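Taking it in order: structure first as structure tokens, then the write-up.
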Amino acid sequence: MTSGAQLAAAALETYVRSTQAPTPIPYKTVDGATLNLWMLPAAGAPGDERHAALLLIHGGAWRAGDAKVFFPHARYFATRGLATFSVDYRLLTPTGPGIGECLADCASAVRYIRAHAAALGVDPGRIAVLGDSAGGHLAAALGTLRGFDDEHGDPLVSALPDALILCNPILDLTEGDWMQFIIRGPALQRGADPAALRPSPAQTQLAQRLSPQSAVRTGLPPTLLMHGLDDHVVNPDQARRFAAATRAAGNRCDLTLIPNARHAFIIAGYTAPATQVVEAIRAADLFLMSLGFVQGPPTIMAEADAGK
């Protein structure tokens with residue numbers, strides 16, 4: 001009999017090893033570089049039908065990673081009837097783009113999808129965003145923060161997502177080691193001098209402005225927040241505090257704390273066994289189903305399905 005772990009691994013490999021390549025759609029040119037949305041249309045969708053959309057934002061401490069890490073997830077969610085997009089954004093450098101620019105690019109991506117919804121087969125009122133780690137921060141920031149839009153963006157087209165799925169996100173940049181990504185410069189060097197890690201008052205203020213925790217209010221998009229309890233990169237207490245504040249403000253925030261899960265548990269072939277990756281994908285799927293973005297139960301198999 002096939003074990004649950006084998007079943008989950010085989011199901012995940014279907015999407016990891018698939019040669020189905022998303023189509024690059026240029027959504028922005030900045031600093032001489034073209035940024036793409038990597039799109040897969042909803043599977044089997046008629047050309048004139050509008051579908052909910054899912055924008056996937058990769059992690060990598062804002063300074064590494066790329067859109068390809070979420071191609072397997074895009075392939076799966078496309079089979080569930082979602083138009084899927086994995087996004088390129090400018091990466092943070094010591095003296096160039098910062099976190100604010102990363103966020104501005106992601107806001108531009110949401111605006112592009114919404115402004116071109118008819119051509120993309122998207123329902124502009126059903127755009128969900130899923131992010132992991134620093135991508136989770138950017139997804140949460142899209143739903144909470146203001147004042148970091150591209151100056152060339154159309155203010156008449158909203159960059160606010162209609163739903164958020166946050167995987168081990170950084171939610172408070174004033175805590176722990178996250179200030180180095182605000183200070184940048186010598187602060188990003190390995191073994192940086194302690195003096196280089198002391199923020200100026202302006203940098204402390206910027207860290208607060210870029211922290212979703214500081215911008216919780218009534219009227220936020222419905223949110224699924226997942227965090228591993230063995231995460232030693234982002235403290236799970238950040239998720240607990242954000243969920244508590246979000247709920248207290250009258251918003252929906254489904255908090256799932258995952259035992260024995262480390263950082264980046266939704267990324268295939270990284271820290272998590274296939275069963276954890278699949279369960280995280282299924283949890284995201286069920287959340288989207290609860291909002292009417294997809295129909296029917298998840299189709300990717302998990303350990304619980306063994307023997308059925």
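All values reported here derive from a predicted model rather than from experimental measurement.
More than 12 heavy-atom neighbours from other residues, nucleotides or ligands sit within 6.0 angstrom of CG on Asp230. The environment of CZ in Arg262 is sparse: at most 12 heavy-atom neighbours from other residues, nucleotides or ligands sit within 6.0 Å. Within 6.0 Å of CD in Glu13 there are more than 12 heavy atoms belonging to other residues, nucleotides or ligands.
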With side-chain contact (heavy atoms from CB on, under 4.5 Å) as the criterion, how do Leu171 and Arg241 come out once you've worked through the C-alpha distance, each side chain's angles and the decisive distance to 0.1 Å? CA-CA 9 Å; Leu171 297 164; Arg241 290 196 299 272; over 6 Å; no
Does the side-chain contact (heavy atoms from CB on, under 4.5 Å) test come out yes or no for Leu103 and Asp105, once each step is laid out? CA-CA 5 Å; Leu103 178 53; Asp105 292 345; over 6 Å; no
Would you sort out whether Arg240 and Asp237 count as a salt bridge (charged side-chain N to carboxylate O under 4.0 Å, His left out), showing the intermediate values? CA-CA 5 Å; Arg240 292 186 178 100; Asp237 284 344; 2.6 Å; yes
Evaluate the criterion side-chain contact (heavy atoms from CB on, under 4.5 Å) for residue pair Leu130 and Leu166; output intermediate values, then yes/no. CA-CA 6 Å; Leu130 184 155; Leu166 312 179; over 6 Å; no
With side-chain contact (heavy atoms from CB on, under 4.5 Å) as the test, would you mind laying out the steps for Leu37 and Ser86 before giving the verdict? CA-CA 6 Å; Leu37 284 164; Ser86 192; over 6 Å; no
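Considering all non-hydrogen atoms of both residues, Trp178 and Asp172 come closest at CD1-O, 3.9 Å. The two atoms that bring Val277 and Ile266 nearest to each other are CG1-O, 3.4 Å, heavy atoms only. Residue Thr84 comes nearest to Ala78 through the heavy atom pair CG2-N, 3.6 Å, listed as atom of the first residue, atom of the second, then distance. In plain terms, the two heavy atoms of Val30 and Leu35 that are nearest each other are CG1-CD1, 3.9 Å. Shown here for Glu175 and Asn235, the closest heavy-atom pair between the two residues is OE2-CB, 4.2 Å. Here the shortest heavy-atom pairing between Gly219 and Asn251 reads N-OD1, 2.9 Å.
Distance check: Leu220 CG to Phe242 CZ gives 6.5 Å after rounding to the nearest 0.5 Å. Interatomic distance, CG of Leu54 versus CG of Leu40, reported as 11.0 Å (0.5 Å rounding). With values rounded to the nearest 0.5 angstrom, Ile300 atom CD1 is found 9.5 Å from Leu7 atom CG. Note that SG of Cys167 and CD1 of Ile281 are 9.5 Å apart. Values are rounded to the nearest 0.5 Å. Rounded to the nearest 0.5 angstrom, Leu160 CG and Thr144 OG1 are separated by 9.5 Å. Summarising the geometry, atom CG belonging to Asn260 is positioned 13.0 Å from atom CZ belonging to Phe265; distances are rounded to the nearest 0.5 Å.
Counting heavy atoms from C-beta outward, Pro94 and Gln189 have side chains that stay 4.5 Å or more apart. Here the side chains of Thr93 and Leu91 are not in contact, with every heavy-atom distance at 4.5 Å or above. In this structure, the side chains of Thr174 and Thr204 stay at 4.5 Å or more apart for every pair of heavy atoms. For the pair Ile25 and Asn36, the minimum side-chain heavy-atom distance is 4.5 Å or more. The closest side-chain heavy-atom distance from Met179 to Pro199 is below 4.5 Å. Residues Leu255 and Met226 fail the side-chain proximity criterion, which asks for heavy atoms closer than 4.5 Å.
The list of side chain to side chain donor-acceptor pair (under 3.5 Å) pairs with a residue in residues 206-229, not counting sequence neighbours, reads His227-Asp231. Listed by first and then second residue, the side chain to side chain donor-acceptor pair (under 3.5 Å) pairs that reach into residues 113-134 are Arg114-Asp162, Asp123-Arg126, Asp132-Asn168, Ser133-His263, sequence neighbours excluded.
Counted by atom type alone, Asp88 and Trp38 present one or more donor-acceptor pairs between their side chains at under 3.5 Å.
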Extract all donor-acceptor atom pairs below 3.5 Å that involve side chains of residues 59-68 and protein atoms in other chains or at least two apart in sequence.
from	atom 1	to	atom 2	distance (Å)
Trp62	NE1	His137	ND1	3.3
Asp66	OD1	Lys68	N	2.9

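Side chain of Arg90 to main chain of Pro97: no donor-acceptor pair is present (N/O by atom type, distance under 3.5 Å, no hydrogens or angles). The main-chain N or O of Ala33 is never found under 3.5 Å from a side-chain atom of Asp31 such that the two would form a donor-acceptor pair. No donor-acceptor pair closer than 3.5 Å links the side chain of Arg252 to the backbone N or O of Pro221. At distances below 3.5 Å, at least one donor-acceptor pair connects side-chain atoms of Tyr89 with backbone N or O atoms of His58. Side-chain atoms of Gln180 do not come within 3.5 Å of backbone N or O of Ala192 as any donor-acceptor pair.
Under the ring-ring contact (aromatic ring centres under 6.0 Å, His included) criterion, Tyr15 pairs with Tyr76, sequence neighbours left out. Residues passing the side-chain contact (heavy atoms from CB on, under 4.5 Å) test with Arg184 are Leu92, Leu188, sequence neighbours excluded. With sequence neighbours left out, the ring-ring contact (aromatic ring centres under 6.0 Å, His included) criterion links Phe287 to no other residue.
Hydrophobic clustering of Ile, Leu, Val, Met, Phe, Trp and Tyr side chains at less than 4.5 Å, counting indirect connections, keeps Leu224 apart from Val110. Linking Ile, Leu, Val, Met, Phe, Trp and Tyr residues whenever their side-chain heavy atoms come within less than 4.5 Å places Val129 and Phe85 in a single cluster. Hydrophobic cluster membership is shared by Tyr27 and Val122, with clusters built from Ile, Leu, Val, Met, Phe, Trp and Tyr side chains linked at under 4.5 angstrom. Placement of Leu145 and Val234 within a single hydrophobic cluster is found when ILVMFWY residues are connected by side-chain heavy-atom separations under 4.5 Å, directly or transitively. Connection of Leu225 to Ile267 is not established within any shared hydrophobic cluster, with ILVMFWY side chains joined at heavy-atom distances below 4.5 Å, either directly or through further cluster members.
Ion pairing between Arg111 and Asp150 fails under the 4.0 Å rule for side-chain N and carboxylate O.
Each of Phe77, Phe71, Phe70 was scored for a ring pair (Phe, Tyr, Trp, His ring centres under 6.0 Å) with His73, with one residue passing: Phe70.
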